[in-house]
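Report on one structure; see the data block that follows.
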Amino acid sequence: MTEKSYHENEYAARFADVEENLKRIREGIARAAEKSGRRPEDITLLAATKTVPVEVINHAIHLGVRQIGENRVQELCEKFDRLDLEQCGCQFIGHLQTNKVRQLIGKVSMIQSVDSMKLAQEISRQCVQRGTSMDVLVEVNIGREENKSGVDPDGLRGLLEGISALPSLKVRGLMAIPPADASEAETMEFFSKMQQYFVDIGAQKIDNVGMDYLSMGMSADYEQAILAGANMVRVGSALFGARVYK
Ligand SMILES: *Cc1c(COP(=O)(O)O)cnc(C)c1O
């Protein structure tokens with residue numbers, strides 16, 4: 001077998017899996033949306049694409065995925081030129097260091113992981129320099145875990161007020177990843193708390209702060225997240241299969 005046909009076969013199997021997985025995920029999203037009084041199209045599915053080859057990501061886009069999210073700046077930059085993004089948005093969902101912000105400007109439509117004033121200031125500064133703007137979500141450390149990304153819930157309001165004054169940056173909502181070791185019931189409580197912040201802040205009408213997206217729920221719990229109020233779910237392994245780290 002030639003190298004090329006080997007890869008074609010390898011991807012053919014993955015393509016079929018992705019198609020089947022996507023169908024099942026869409027059904028799950030529709031079910032949860034309807035149970036929570038919304039329409040399936042009110043929920044954005046973002047495909048979390050870390051470690052996934054470009055060929056497989058492009059196949060998911062071909063099947064109708066309209067938002068993808070990468071976690072690492074370097075991986076995003078390596079893949080970027082080969083991604084078929086004509087009909088698909090690309091977002092950043094991982095932990096972001098200020099010295100890497102510059103590389104994201106012009107590539108991503110939204111950064112979901114803003115959790116400090118320092119990071120927000122750097123995104124704003126880079127956008128002003130480049131004459132562009134950036135949508136962001138503020139990531140909340142909803143489980144108050146040590147050494148975890150996200151602003152502490154007690155600092156959320158202050159951070160939003162600070163960001164509100166920055167040029168070229170617009171807050172579009174909130175993002176959270178509940179503790180990995182939480183029970184299903186605990187996870188549901190974390191999701192519900194996030195939904196409460198989302199509603200309360202939305203009612204407060206802070207300049208430049210809109211609550212359009214509540215991004216929570218991953219492969220294991222996206223239906224529960226939607227039931228609790230999420231309107232964006234970030235799904236990786238349930239769509240693409242278990243991640244293979246090289
Ligand atoms: C990897 C990742 C996901 C998707 O995780 P799965 O459990 O594979 O669905 C979602 N959000 C973020 C921020 C991620 O890093």
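Remember, it's 1-based here, ligands and their atoms both numbered in the order they're listed. Below, all heavy atoms of this structure are taken into account, side chains as well, without hydrogens, waters or symmetry copies. We number each residue from 1, following the sequence as shown.
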Result block: side-chain N/O donor-acceptor pairs under 3.5 angstrom for residues 225-241, not counting sequence neighbours:
residue	atom	partner	partner atom	Å
Asn231	OD1	Leu214	N	2.8
Asn231	ND2	Asp212	O	2.8
Arg234	NH1	Ser215	O	3.0
Arg234	NH1	Ser215	OG	2.9
Arg234	NH2	Ala176	O	3.4
Ser237	OG	Ser219	OG	3.3

Point to revise | For Asp17, salt bridge (Lys or Arg N to Asp or Glu O under 4.0 Å) partners two or more places apart | key: none

May I have every N or O pair linking ligand 1 to the protein at under 3.5 Å, one per line with atom names and distance?
residue	atom	partner	partner atom	Å
ligand 1	8 (O)	Ser237	N	2.8
ligand 1	8 (O)	Ser237	OG	2.8
ligand 1	8 (O)	Arg243	NH1	2.7
ligand 1	8 (O)	Arg243	NH2	3.2
ligand 1	9 (O)	Ser219	N	2.9
ligand 1	9 (O)	Ser219	OG	2.5
ligand 1	9 (O)	Gly236	N	2.8
ligand 1	11 (N)	Arg234	NE	2.9
ligand 1	15 (O)	Lys50	NZ	2.7
ligand 1	15 (O)	Asn71	OD1	3.3
ligand 1	15 (O)	Asn71	ND2	2.6

Practice item. Verify salt bridge (charged side-chain N to carboxylate O under 4.0 Å, His left out) between Lys50 and Glu70, making sure each step is shown before the conclusion. Key: CA-CA 6 Å; Lys50 58 179 176 269; Glu70 278 285 344; over 6 Å; no

Point to revise | NZ/NE/NH1/NH2 to OD/OE distance under 4.0 Å, Arg24 and Glu20 | key: no

Review point. Quick one: do Arg31 and Glu223 make a salt bridge, cutoff under 4.0 Å?
Key: yes

Exercise for review: Using the test ring pair (Phe, Tyr, Trp, His ring centres under 6.0 Å), find all partners of His62 that sit at least two apart in sequence or belong to another chain.
Suggested key: His59

